[in-house]
Each structure stands twice: as structure tokens, then as C-alpha cells.
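Report on the following structure.
Just so it is clear: chains get the letters A, B, ... in the order the sequence lines come, proteins before strands, and each one is counted from 1.
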Amino acid sequence: MTDKSNEIPEELLLQEKRLLRGTHSVEPAGGLAHKLMVSKQRGTPLRIKLGLDPTSPDIHLGFAVVLRKLRQFQDLGHQVVLIIGDYTALIGDPSGRSATRPMLSQEEVAANASTYVDQLSRVLDRSRTEVRFNGEWLGKLDFASVVGLLSRMTVAQVLQRHDFKERFEQNHPISLHELMYPLSQAYDSVIIHSDIEMGGLDQTFNILAGRELQKEMGQEPQIGLFMPLLVGLDGVKKMSKSLGNYVGIAESPIDMFSKLMSITDEMMRDYFVLCTDIDLDEMEALLKDCASGVTNPRDVKRRLAQEVVTIYHSKEAAIEADAECIRVHSSRELPTEIPSAVVPAEVIEEGKVWICKLLVSTGMASGTGEARRLIQQGGVKLDGEKVADATQLISVSQLEGAVLKVGAKRFVKLSVS
RNA sequence: GGGGAGAUACCCGAGUGGCCAAAGGGGACUGACUGUAAAUCAGUUGCGACAGCUUCAGAGGUUCGAAUCCUCUUCUCCCCA
């Protein structure tokens with residue numbers, strides 16, 4: 001791939017440019033154009049690998065960053081190979097973690113995997129997607145082969161990886177089996193003859209390990225295409241299932257929309273670039289107006305949220321969600337759909353219910369202590385009336401059909417059993 | 001195999017006989033304000049209709065009194081071999 005770079009046709013360079021939107025880096029640099037050209041010359045689509053870790057079934061926007069990139073490749077005729085890490089899930093990927101991951105049972109893995117594939121089709125083109133379970137080959141390795149594989153990597157190499165290094169230096173436990181993770185992922189690349197492996201930046205080590213192993217085993221090495229990690233809703237850590245700071249791609253338009261509206265102003269750019277298809281020049285203009293005070297950042301966020309909801313649902317759903325969120329959050333009115341809750345009979349005494357018990361029994365507070373606190377802080381309203389007294393008893397006749405509101409955004413419609 | 005260190009509330013982490021329901025931070029929640037749901041500021045954050053009750057890995061023990069001292073158990077880390 002050394003001296004041919006100037007021969008790359010214009011068309012492929014354009015493709016490359018589009019494919020590089022939002023990417024963090026390509027390893028080795030320039031490798032993408034080379035792969036595209038090889039594919040064109042041979043007339044075979046590229047095999048683009050993505051490993052999935054079926055630990056938890058929700059696919060979130062952070063992960064979708066990578067998926068959407070895969071879709072771009074598919075639209076150019078390339079083949080996506082998804083590796084469901086059913087076998088490696090038994091190990092637990094240590095990437096980006098400071099603690100050992102729990103191992104999963106086979107049943108959990110299987111259940112998660114099927115949910116995964118289901119959700120994936122929201123982004124990917126199924127006809128150009130091959131789904132493989134790495135247990136298919138990893139499960140067949142005997143001990144001698146495993147040891148043989150292990151001999152291709154040294155402890156020093158593995159300890160280079162920052163998360164291992166960190167844990168090692170801080171005296172946090174590292175189990176031996178975790179050290180095998182990069183190698184087993186690398187072996188996946190060998191088996192499926194991967195041309196490109198996609199991943200978040202946290203996958204750098206694993207993906208490069210794949211390159212090394214392929215080279216050692218006489219294959220043309222894959223290139224690594226790295227996407228930046230999307231910052232989670234907390235604005236600090238990467239978006240992840242286990243941290244709970246995520247937006248799932250299967251979530252309802254309303255949930256998606258309102259979560260996106262709660263990101264900090266600084267996060268908007270990344271979200272636009274990585275989670276939407278918005279024209280980048282247009283985005284710059286929006287952000288500029290926002291910074292200069294011409295536009296309320298809230299409205300730029302609305303645009304962002306609309307773009308995202310449109311991708312996973314529809315334009316109509318986005319507009320609806322927008323209106324709904326404005327109604328609830330900006331105007332602080334009642335949402336159109338209010339979940340209902342039944343007031344259980346055991347909290348009713350002589351036709352009356354203590355307000356704190358009511359809050360607890362309808363799931364609005366975790367204990368009467370919290371309920372009391374919420375009332376004292378003025379966060380509880382019953383049918384629009386602020387509840388001022390935490391000792392208040394409410395007669396049942398007042399409750400049927402009444403709306404109980406806690407904080408700015410939690411509502412239930414009451415009914416008496 | 002031997003020696004040492006450690007396990008504290010959602011998380012991190014102080015506390016080494018009573019003043020400890022346990023500092024501080026993070027997170028979460030509520031309120032005020034705003035340009036919004038962001039930012040900022042304030043309050044709350046074991047349970048409890050507030051009298052009390054149950055917590056500091058688990059089980060026993062010492063003591064008027066234990067997160068703190070002793071014994072055993074479980075788990076983790078370090079060092080030596």
C-alpha cells in the first residue's frame with residue numbers, strides 16, 4: 001500500500017471522505033483508501049467486522065455511532081460481519097473498565113443476542129449483514145490450540161493496554177482469563193478474514209491485536225477504523241449500558257427526545273456529528289448562532305433531538321415528541337399520556353389516605369421519609385394543587401381520577417380499586 | 001507455603017471505644033433562577049406519621065457502651081518463596 005496512493009481514483013477518495021466523517025482515526029493511516037481500492041480492483045466487497053458484546057440487550061446511541069458507520073459501508077456494497085461474542089462474553093471484556101466484568105450464563109447471552117439482532121436491523125441492512133457467534137470456532141479449540149494462540153502474545157504487550165496497566169498499578173484484580181480477551185477477539189478476525197474492524201476508541205488494543213495475529217497467520221491484516229466514544233448523558237463518561245447514561249435506539253420517541261434535551265450545551269456538536277446525518281456546514285451555522293446568542297441553545301437541542309428521533313422512528317414521531325416535551329417541560333403542563341396507578345386498599349383507612357403512604361404505594365417515592373421530604377420541598381402536587389402538609393389525609397373520593405405530580409416530570413393518574 | 005494490608009451507606013472515601021445514622025466528594029432527587037430540561041445557587045439523600053428502630057463483609061466475644069478492641073469465617077490486594 002506504499003507507492004500506490006497517488007493512483008487512487010477520485011471516486012474512491014470521495015467515498016473515503018464520506019466514510020471518515022466523525023471517525024477518530026484509521027490504523028494504519030491511509031489504510032481505508034487502500035482497502036477500498038483493493039476491493040474495487042478485485043471486485044469483491046470488503047468484509048467489515050464488528051464485535052458485539054451481548055452483556056445487556058439495549059443498543060444505545062453510542063454504539064449506534066459505529067453501526068451507522070457500518071451502514072454507510074453497506075450502502076457502498078460492502079459486507080458487514082457481526083461477531084456476537086457469545087463465547088467471549090463468558091470471559092467479559094475488560095475494555096474501559098476498572099473492574100472485572102461478571103461472566104454471563106449461556107441463557108443470558110442467547111437472550112441478549114437475539115434482542116441485539118432485532119435492534120440492529122433498525123440501523124443495518126440485513127441483506128448485507130452476516131451474523132456469526134464466536135463460540136462457533138472458539139468453542140472448538142482444544143487446550144493445545146489455546147496455548148498455541150496464547151504464545152503469540154506477551155504479558156508485556158497485554159499490560160501495555162492502559163486499562164490493564166491502570167488496574168495493575170492500582171492493585172486492582174485482573175483475572176488471567178481477562179488477559180485472553182484481546183487474543184480471542186483477534187482470532188475472530190483471522191477466522192472471518194476481516195478487512196476492516198470497526199470499533200470504539202476503547203477497542204484500539206483489541207483491534208490492533210487482530211492485525212498482528214492476522215499477519216502472523218499469513219493473512220493480509222485488517223485495518224482498524226475507530227469511532228470516538230460518545231459521551232453519555234452525564235456529559236462526563238462514555239455512554240454505556242452499565243453506567244445508565246444512555247439513550248437506547250429502541251426507546252420511545254418521547255424518551256429519546258427528552259433525554260437528548262437534557263444534554264449539556266457543550267455536547268451538542270458531538271451528538272450532531274456522530275448521531276445524525278445533518279450537513280456539517282448547517283450544523284456549524286446552528287452552533288454559531290447559538291454561541292452568539294441569536295438562537296436559544298434549547299432550540300438547537302430540539303433540532304438535534306428531532307434529527308435523532310427521525311432516524312430511529314419517523315419525522316412525524318419527532319414532531320410529536322417535540323410538541324409533547326415542550327408541553328411537559330417548557331410549559332409544565334400535563335402530558336397527554338399519563339401512566340395510571342391504583343391506590344391499594346391497604347393504605348386506605350376510614351376512607352382516607354395519608355399523602356405520604358399514597359406517594360409510596362404509587363411508586364412515586366421510595367419511602368415515607370422521602371415522600372415527606374418531597375412535600376416539604378414543594379415538589380408534590382395533587383390535581384394541580386401543591387401539597388403543603390406532609391401529614392395531610394386525603395379522602396378517597398378526591399382520589400379517583402386525580403393526577404399526582406412529583407417533581408417536574410413524574411405523573412400518575414390515580415384510580416381507587 | 002510464609003508474611004503484611006484491607007472490606008464503611010448508590011459509588012468513592014474519612015472515621016481506630018462514647019460527642020457516630022457515621023466527615024468530604026461524586027451521583028441522585030427537590031427547589032430557586034435562567035436562554036432550557038443546560039449552567040449556577042440552595043436544600044435533601046438508612047428506615048420510620050419523627051416516639052423510636054436497624055446499619056459500617058459474616059458469625060461469635062470483651063465492655064456500662066463497639067464501625068472502632070479480641071477470635072474465627074468469607075472475599076480482595078501486596079510482598080517473599
Ignoring the backbone of A:Ser366, work out which of B:C47, B:A37, B:A38 is nearest its side chain. B:C47

So which heavy atom on A:Arg47 is nearest to which on A:Val81, and how close? NH2-CG2, 3.7 Å

Atom NZ of A:Lys409 and atom P of B:C29 are separated, to the nearest Å, by 7 Å

Ranking B:G43, B:A37, B:C47 by distance to the side chain of A:Gln377, first place goes to B:G43

For B:G17 and B:A67, measure between their C1' atoms and round to the nearest Å. 11 Å

Both distances under 3.5 Å, Watson-Crick or G-U wobble: report the partner of B:C75, or none. B:G6

Would you kindly compare A:Arg298 and A:Gly378 by the position of their nearest RNA chain B nucleotide and give the one closer to the 5′ end? A:Gly378

Watson-Crick or G-U counterpart of B:G18, or none if no pair lies under 3.5 Å: B:C64

Could you give the distance separating B:G60 and B:U68 at their P atoms, to the nearest angstrom? 14 Å

Taking B:A81 as the reference, what is the distance to B:C72 when you measure between their C1' atoms (whole Å, please)? 27 Å

Decide if atom NZ of A:Lys352 counts as having more than 12 heavy atoms of other residues, nucleotides or ligands within a radius under 6.0 Å. no

Output the rounded distance in Å from CZ (A:Arg269) to C1' (B:A38). 17 Å

At under 4.0 Å, does any side-chain N or O of A:Ser330 touch on OP1 or OP2 of B:U36? no

Residues A:Glu27 and A:Arg211 bridged, charged N to O under 4.0 Å: no

Can you tell me how far P in B:U8 sits from the matching atom in B:A14, rounded to whole Å? 11 Å

If you measure from the C1' atom in B:G48 to the same atom in B:C53, how many Å do you get, rounded? 7 Å

Calculate the interatomic distance between A:Lys381 atom NZ and B:U30 atom C1'; express it in whole Å. 13 Å

Rounded interatomic separation in angstrom, taking CD from A:Glu370 and P from B:G31: 12 Å

So what's B:G1 paired with, Watson-Crick or G-U wobble, going by both distances under 3.5 Å? B:C80

Which whole number of Å gives the distance between the C1' atom of B:C10 and that of B:U16? 26 Å

Would you say the side-chain atoms of A:Gln79 pair up with the backbone N or O of A:Pro45, donor to acceptor, closer than 3.5 Å? no

Please report the distance separating the P of B:G26 from the corresponding atom of B:A32, rounded so that it comes out in whole Å. 22 Å

Specify the residue among A:Lys237 and A:Leu393 whose closest nucleotide of RNA chain B lies further upstream toward the 5′ end. A:Lys237

Distance in angstrom units between A:Met267 CE and B:A39 C1', rounded: 13 Å

Nearest to the side chain of A:Lys357 - B:A37, B:A49, B:U36? B:A49

Determine the interatomic distance between C1' on B:U55 and the same-named atom on B:A22; round to the nearest Å. 10 Å

Nearest to the side chain of A:Ser258, heavy atoms from C-beta on, is which of B:U36, B:C50, B:A37? B:A37

Which listed nucleotide (B:A38, B:A49, B:A37) is nearest to the side chain of A:Thr264? B:A38

Mind telling me whether A:Tyr116 and A:Phe63 have parallel, tilted or perpendicular rings, with 30° and 60° as the class edges? tilted

For the student: nearest non-hydrogen atoms of A:Tyr87 and A:Asn134, plus distance: N-OD1, 3.0 Å

Rounded distance (Å) that lies between atom C1' of B:A28 and atom CG of A:Leu374: 12 Å

Is A:Arg332 touching bases, backbone alone, or none of the nucleic acid, heavy atoms closer than 4.0 Å? sugar-phosphate

So which nucleotide from B:G48, B:U36, B:A37 ends up closest to the side chain of A:Lys301? B:U36

Nearest whole Å is fine: how far is B:A38 P from A:Met261 CE? 10 Å

Taking CG from A:Asp234 and P from B:A28, how many angstroms apart are they, rounded to a whole number? 7 Å

Which base sits across from B:C53 as a Watson-Crick or G-U pair, both distances under 3.5 Å? B:G46

Give a yes or no answer on whether the side chain of A:Gln214 reaches the backbone of A:Ser194 with a donor-acceptor pair at less than 3.5 Å. yes

